[in-house]
Amino acid sequence: MTAPKFTTLGCRLNAYETEAMKDLAAQAGLENAVVVNTCAVTAEAVRKARQEIRKLRRDNPDAKVIVTGCAAQTEPDTFARMDEVDAVIGNTEKMTPDTWKGLAANFIGQTESVQVNDIMSVTETAQHLIDGFGTRSRAYVQVQNGCDHRCTFCIIPYGRGNSRSVPAGVIVDQIKRLVDKGFNEVVLTGVDLTSWGADLPATPQLGDLVMRILKLVPDLPRLRISSIDSIEVDDNLMMAIATEPRLMPHLHLSLQHGDDLILKRMKRRHLRDDAIRFAEDARKMRPDMTFGADIIAGFPTETEAQFENSLKLVDDCHLTWLHVFPYSPRQGTPAARMPQVDGRAIKDRAARLRALGQIAVTRHLSAQHGRAHNVLMEAPDMGRTEQFTEVKFTDSQPVGQIVPVKIRGDDGQRLMV
């Protein structure tokens, strides 16, 4: 018998939860199984999940195939109908020890082959915490799950449920353990990170959590925040940006578009000027701040002029790291029923956005020449600056350590020392 194999598709939070499932499956004694943790963010993501499942079945003909994740939550029947699939497990069920005990004890037998309940009825975030997920240098801590917003292009709330927060005390205790294990950087992750605390007593905000972590874990060298919604950023988070050097000067912004009418049709809660104002304020407080951003190309009804506003947003917000998503209709979302943009135009616009993003990266890399940086080593020859810029080393360095360097150049994608 062999230990189960895990495949993760999609976001960092999925990767975190895969680590949790590995622990749960090991504790339950599950053997000879393949687990696929799926993503549902686009129709293409679901297609890739089905393709991956078929491949894994071919490669592992005698193993049981278990499908979980957001696509399993939103489309359980799609996967249950696949001949290659033995069990479909929902996003809540996958984080529950009893689920894995049932799978290990009697794979189908008394265990239902489809275990997917109403995600909207879930009111707590699973407390199965991972001490050390990530590289040996960087650990990820899930502080929030789910989303209360209903953007017209997004299916994720139906895969993740409503927003739920992990209490601050639990988070602080986990980060203390991670620091004791030698981690020099912790990244806070969630589906809608800036909604953290809204469901907790006294409704604290993300800035309160950040300040509390930095105060109560003084030995933590670097704290990093993953993707945020800039319109929800609170005063304490802005204060942390301005005053806390241990909070890394890199923020990934969920912007999605640069045109006000498209933003309204997306049902976003910010306008173009809101995004620009936040970026300007953050850079005034922290001149070395760099921004990444999610931008969708070819959203339904998008005209060329509206797309141009997304292009202009790259310079207006001083964006560096772009995640460009060519729009594809997601069944079950309002945007899928809107007038669609021609596929060739979508592809062309996404390519133009990516090209502009490369120009932004080139500009950022050039600006670092001759500058001093503290680099967290992820591999003997590679690390990242405070702004999350990759740095290539010619001499080996100890993994997990923070190494002071002076940048001598770049190769177009990463800095060189």
Side-chain angles (χ1 to χ4, degrees), residues 11 39-48 147-158 192 194 227-233 251-283 290-364:
C11 66
C39 173
V41 69
T42 62
E44 177 66 9
V46 177
R47 188 193 69 80
K48 286 183 177 179
C147 184
D148 291 338
H149 310 302
R150 297 295 182 264
C151 297
T152 58
F153 56 83
C154 187
I155 198 75
I156 296 306
Y158 304 98
D192 181 27
T194 34
S227 181
I228 63 169
D229 201 335
S230 59
I231 198 67
E232 288 187 325
V233 169
L251 294 172
H252 190 83
L253 309 178
S254 179
L255 298 181
Q256 309 305 346
H257 211 275
D259 183 84
D260 283 348
L261 180 57
I262 295 295
L263 287 167
K264 287 181 179 178
R265 287 174 178 164
M266 288 179 165
K267 210 172 178 182
R268 301 293 294 165
R269 285 157 298 124
H270 72 275
L271 298 175
R272 175 192 183 84
D273 285 348
D274 296 323
I276 296 171
R277 189 180 310 111
F278 170 79
E280 289 176 346
D281 289 347
R283 284 171 63 88
T290 61
F291 299 109
D294 295 330
I295 300 181
I296 295 173
F299 184 81
T301 75
E302 180 190 75
T303 64
E304 179 62 27
Q306 289 167 334
F307 170 71
E308 293 275 351
N309 282 333
S310 284
L311 291 175
K312 293 173 186 174
L313 194 68
V314 176
D315 285 332
D316 290 344
C317 284
H318 300 280
L319 304 178
T320 299
W321 316 108
L322 298 189
H323 285 187
V324 177
F325 296 90
Y327 175 80
S328 62
R330 190 69 180 85
Q331 187 176 359
T333 62
R337 301 191 297 271
M338 297 178 184
Q340 303 293 304
V341 174
D342 178 74
R344 288 167 296 182
I346 293 174
K347 187 176 181 180
D348 173 70
R349 291 172 187 177
R352 288 157 62 191
L353 261 176
R354 291 191 181 107
L356 185 59
Q358 183 55 54
I359 291 171
V361 169
T362 300
R363 183 169 56 228
H364 170 72

Close side-chain approach of Leu253 and Ile228, heavy atoms under 4.5 Å: yes
Set of side-chain contact (heavy atoms from CB on, under 4.5 Å) partners for Glu308, sequence neighbours left out: Glu304, Leu311, Arg352
Distance (rounded to the nearest 0.5 Å) between Glu302 CD and Asp259 CG: 8.0 Å
Partners passing side chain to side chain donor-acceptor pair (under 3.5 Å) against Arg268 (at least two apart in sequence or in another chain): Ser254
Under the side chain to side chain donor-acceptor pair (under 3.5 Å) test, residues paired with Asp281 that sit two or more places apart: none
Non-neighbouring partners of His252 that pass ring-ring contact (aromatic ring centres under 6.0 Å, His included), sequence neighbours left out: His323
Listed partners of Phe291 passing ring-ring contact (aromatic ring centres under 6.0 Å, His included), at least two apart: none
Approximate separation, where rounding is to 0.5 Å, of Glu280 CD and Arg277 CZ: 8.5 Å
Thr42/Ile155 under side-chain contact (heavy atoms from CB on, under 4.5 Å): CA gap, chis, key distance, verdict: CA-CA 8 Å; Thr42 62; Ile155 198 75; over 6 Å; no
Spacing of CG belonging to Leu261 relative to OG1 belonging to Thr301, to within rounding of 0.5 Å: 6.0 Å
Tyr327: partners by ring-ring contact (aromatic ring centres under 6.0 Å, His included), with sequence neighbours left out: Phe299
Minimum heavy-atom distance Ala297-Ile346, with the two atoms named: O-CG2, 3.6 Å
Minimum-distance pair of heavy atoms, taken over all atoms of Ile262 and Pro300: CD1-O, 4.0 Å
Pairs touching residues 313-322 that satisfy salt bridge (Lys or Arg N to Asp or Glu O under 4.0 Å), sequence neighbours left out: Arg272-Asp316, Asp315-Arg363
Phe153 side chain reached by Arg330 side chain, heavy atoms, under 4.5 Å: no
Thr303 side chain near Val341 side chain, heavy-atom distance below 4.5 Å: no
Set of residues satisfying ring-ring contact (aromatic ring centres under 6.0 Å, His included) with respect to His364, sequence neighbours excluded: Trp321
For Arg337, all residues meeting side-chain contact (heavy atoms from CB on, under 4.5 Å), sequence neighbours excluded: Pro334
Gln331: side-chain contact (heavy atoms from CB on, under 4.5 Å) partners, not counting sequence neighbours: none
Test item: Ile295 and Leu319 side chains (from C-beta on) under 4.5 Å apart, heavy atoms: yes
Note, Cys151 side chain near Thr333 side chain (heavy atom, < 4.5 Å): no
Nearest heavy atoms of Ala40 and Ile156, plus distance in Å: C-CD1, 4.3 Å
Row check, Tyr158 ring normal vs Arg150 NZ/CZ: under 6.0 Å, within 45°: yes
Closest contact, heavy atoms only, Cys147 versus Pro157: O-CB, 3.8 Å
Shortest non-hydrogen contact between Asp229 and His270, atoms and distance: OD1-ND1, 4.4 Å
Expected output: side-chain Gln340 to main-chain Ala335 donor-acceptor under 3.5 Å: yes
Asp348 side chain reached by Phe307 side chain, heavy atoms, under 4.5 Å: no
Closest approach of Pro326 to Ala350 (non-hydrogen atoms, all atoms of both residues): CG-CB, 3.9 Å
Check ion pair Arg47-Glu44 (N to O, under 4.0 angstrom): yes
Note, Arg354 side chain near Leu322 side chain (heavy atom, < 4.5 Å): no
For Glu232, side chain to side chain donor-acceptor pair (under 3.5 Å) partners two or more places apart: His149, Thr194, Arg269
Interatomic distance, Arg283 atom CZ to Leu251 atom CG [nearest 0.5 angstrom]: 11.5 Å
Separation between CD of Gln358 and CG of Leu353, rounded to the nearest 0.5 Å: 13.5 Å
CZ on Arg349 to CD1 on Ile296, rounded to 0.5 Å: 13.5 Å
Residues which pass side chain to side chain donor-acceptor pair (under 3.5 Å) with Ser310, listed by chain and number, not counting sequence neighbours: His257
